Chemist: 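So that we are looking at the same thing, I have put the structure below in structure tokens.
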Amino acid sequence: METNQTIRLAIEESIQFLEFAPHFTMAHGECTRRKWDGAWWHMAALYEMGEVKRIPQSVIERAKHLLKTQVWPTFIISANDHPTSESDKMKMDCCHCELAVYYMILMAYGCDLDKELPWIREWLLKHQLPDGGLNCDPEAYTHSKKSSIVSTLPPLEAILLHTDREFTEQEAVFLDEGARYLIEHRLVCSKQNGDVIDMEWLKPCFPRFFEYDILRGMSFLAEWSRRRNKLLPVWLFREGLERLNSSMTAEGLQVGRQVFDPQGPWGGRTFSLLEATADIGVVSPYLTRQLDQVFERMGPEYTSRLPL
């Protein structure tokens, strides 16, 4: 599907914003994360659209510099994890999903973050909980030991999609345990009672940033099956497709929800590219492409993406 004129213009607008906005400096570092129009959001939207190479090289270099100099490279769980020096106290803290998305953007662009910033991959791999997922709430590591599906997917994707060699034993376990977590939760369900945890997850969203929907989980499992040579849980995919049925049309998959709400508790502002790609009820070429890839992984029995 060709990108329409509105989206093309919005892409150019985001590129200009990234080139000229005063982000990635100590004085403005937090602005990169500002909901919903900070530089981080523009970069993530371009990445999800498959347009990561359109991000200016100068912006990529400034983003790497921010990660190297302005981010505290430790997930703060206990008192001992806090920075102690005055200069380190000025640094930004990160969570797993935010850091993973940043990692995916830069790796997709062609950066070798495993050489330049090896602590990021180490961070993601070390924070898997016994149930197979991760959680951006530090208390999960000291009390509940329960993961969050939202926090889990970006780190899993980062390792699965951006490892261009054989997986190490640690990485293989990380991915397989993450897949187990998703399968045990039937992508969207509570293990305790089988109910859907959040009905909003049944509505495909784009761009997602760190947010979750059922297609994101299915896409991960399909690619995990291919890369790890594991059998797909076909029953789970059938169930997932049934849950997606109301968003599927002959033309493709419709956007079912938006992850941003300027009037919501986070407030904030949007930007043109975000609004142009997140119109509810409109067929998304990006979501459709992902759904088609899932069907391809499932085999010839599921080659059609017509409504079930």
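Residue indices begin at 1 and follow the sequence shown. The structure displayed is predicted, hence computed values, not measured ones.
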Chemist: Going by side-chain contact (heavy atoms from CB on, under 4.5 Å), name the residues that satisfy it together with Thr270, two or more places apart in sequence or in a different chain.
Modeler: Phe260, Pro262, Leu274, Glu275

Chemist: Kindly compute the distance separating CG (Asp164) from CG (Asp114), expressed to the nearest 0.5 Å.
Modeler: 8.5 Å

Chemist: Does any part of the side chain of Val259, heavy atoms only, come nearer than 4.5 Å to the side chain of Glu200, both counted from C-beta?
Modeler: no

Chemist: Are Leu117 and Trp72 joined in one hydrophobic group, where the rule is that I, L, V, M, F, W and Y side chains link up if heavy atoms are under 4.5 Å apart?
Modeler: no

Chemist: If two hydrophobic side chains count as joined below 4.5 Å and joins carry through other members, does Met92 share a cluster with Trp36?
Modeler: yes

Chemist: Once side-chain contact (heavy atoms from CB on, under 4.5 Å) is applied, do any residues pair with Asp195, and if so which ones, sequence neighbours excluded?
Modeler: Asn193

Chemist: With Arg216, which of Pro154, Pro204, Cys205 fulfils side chain to side chain contact (heavy atoms under 4.5 Å, CB included)?
Modeler: Pro154

Chemist: Applying the 4.5 Å side-chain criterion to the ILVMFWY set and letting contacts propagate, would Leu99 and Ile76 be lumped into a single cluster?
Modeler: no

Chemist: Sequence neighbours left out, what pairs pass salt bridge (charged side-chain N to carboxylate O under 4.0 Å, His left out) with at least one residue falling in residues 141-152?
Modeler: none

Chemist: Is there a side-chain contact between Glu211 and Trp201 in this structure, where contact means two heavy atoms from C-beta onward sitting under 4.5 Å apart?
Modeler: yes

Chemist: Regarding Lys91 and Asp88, does a basic nitrogen lie under 4.0 Å from an acidic carboxylate oxygen?
Modeler: yes

Chemist: Return all side-chain donor-acceptor pairs below 3.5 angstrom for residues 169-177, not counting sequence neighbours, or 'none' if the list is empty.
Modeler:
from: Glu171; atom 1: OE1; to: Arg165; atom 2: NH1; distance (Å): 2.9
from: Glu171; atom 1: OE1; to: Thr168; atom 2: N; distance (Å): 2.9
from: Glu171; atom 1: OE1; to: Thr168; atom 2: OG1; distance (Å): 3.4
from: Glu171; atom 1: OE2; to: Arg121; atom 2: NH1; distance (Å): 2.8
from: Glu171; atom 1: OE2; to: Arg165; atom 2: NH2; distance (Å): 2.8
from: Asp176; atom 1: OD1; to: Trp224; atom 2: NE1; distance (Å): 2.9
from: Asp176; atom 1: OD1; to: Arg228; atom 2: NE; distance (Å): 3.0
from: Asp176; atom 1: OD2; to: Arg228; atom 2: NH2; distance (Å): 2.7
from: Glu177; atom 1: OE1; to: Arg180; atom 2: NE; distance (Å): 3.2
from: Glu177; atom 1: OE1; to: Arg180; atom 2: NH2; distance (Å): 2.7
from: Glu177; atom 1: OE2; to: Arg180; atom 2: NE; distance (Å): 3.3

Chemist: Going by distance alone, is a donor N or O of one side chain under 3.5 Å from an acceptor N or O of the other, for His96 and Trp123?
Modeler: yes

Chemist: Could you tell me if the side chain of Leu236 sits less than 4.5 Å from the side chain of Arg186, heavy atoms only?
Modeler: yes

Chemist: For Ser147 and Asp131, run side chain to side chain donor-acceptor pair (under 3.5 Å): C-alpha distance rounded to whole Å, both residues' side-chain angles, the deciding distance at 0.1 Å, then the answer.
Modeler: CA-CA 7 Å; Ser147 297; Asp131 62 7; 2.5 Å; yes

Chemist: Say whether Phe295 and Trp235 are linked into one hydrophobic cluster, either directly or through other cluster members, by side-chain heavy-atom distances under 4.5 angstrom.
Modeler: yes

Chemist: Atom NZ in Lys230, atom CG in Leu221: separation rounded to 0.5 Å?
Modeler: 13.0 Å

Chemist: Nearest 0.5 Å, what's the CD1-CG distance between Ile55 and Leu106?
Modeler: 8.0 Å

Chemist: When you measure from the side chain of Ser219 to the backbone of Leu215, do you find a donor-acceptor pair of N or O atoms at a distance under 3.5 Å?
Modeler: no

Chemist: Looking at Ser225 and Leu231, would you say the former's side chain and the latter's main chain have a donor-acceptor pair under 3.5 Å?
Modeler: no

Chemist: Keeping the roles fixed (side chain from His65, backbone from Glu61), state whether a donor-acceptor pair exists under 3.5 Å.
Modeler: no

Chemist: Evaluate the side-chain proximity of Leu241 to Met218: yes if any heavy-atom separation is below 4.5 Å, no if none is.
Modeler: yes

Chemist: Under 4.5 Å between any side-chain heavy atoms of Ser58 and Arg62, yes or no?
Modeler: yes

Chemist: To the nearest 0.5 angstrom, please state how far the CZ atom of Phe220 sits from the CG atom of Leu156.
Modeler: 4.0 Å

Chemist: Taking atom CG of Leu124 and atom CH2 of Trp119, what is their separation to the nearest 0.5 Å?
Modeler: 9.0 Å

Chemist: Distance-only, no hydrogens or angles: does the Ser190 side chain make a donor-acceptor pair with backbone N or O of Ile197 under 3.5 Å?
Modeler: no

Chemist: Mind checking what makes side-chain contact (heavy atoms from CB on, under 4.5 Å) contact with Ser148, not counting sequence neighbours?
Modeler: Asn135, Val150, Ser151

Chemist: Is a side-chain N or O of Ser14 found less than 3.5 angstrom from the main chain of Ile11, in a donor-acceptor match?
Modeler: no

Chemist: With rounding to the nearest 0.5 Å, note down the distance linking OG1 in Thr288 to CE in Met248.
Modeler: 9.5 Å

Chemist: Can you tell me if Arg243 uses its side chain to pair, donor with acceptor, with the backbone of Ile214 under 3.5 Å?
Modeler: no

Chemist: With a 4.5 Å heavy-atom cut-off, do Phe237 and Arg297 have their side chains touching?
Modeler: no

Chemist: Please work out which of the three classes, parallel, tilted or perpendicular, describes the rings of His127 and Phe75, given edges at 30° and 60°.
Modeler: perpendicular

Chemist: For the residue pair Ser78 and Thr142, establish whether any side-chain heavy-atom pair is separated by less than 4.5 Å.
Modeler: no

Chemist: Can you tell me how the ring of Tyr47 sits relative to the ring of His162, calling it parallel under 30°, perpendicular over 60° and tilted otherwise?
Modeler: tilted

Chemist: Name all residues meeting the salt bridge (charged side-chain N to carboxylate O under 4.0 Å, His left out) criterion together with Arg54; count only those two or more places apart in sequence or in a different chain, and write none if there are none.
Modeler: Glu12

Chemist: Grouping I, L, V, M, F, W and Y whenever their side-chain heavy atoms are under 4.5 Å apart, do Leu153 and Met199 come out in a common cluster?
Modeler: yes

Chemist: Is there a donor-acceptor contact under 3.5 Å from the side chain of Glu48 to the main chain of Arg208?
Modeler: yes

Chemist: Kindly indicate whether the side chain of Phe271, heavy atoms from C-beta on, has any atom under 4.5 Å from the side chain of Phe17.
Modeler: no

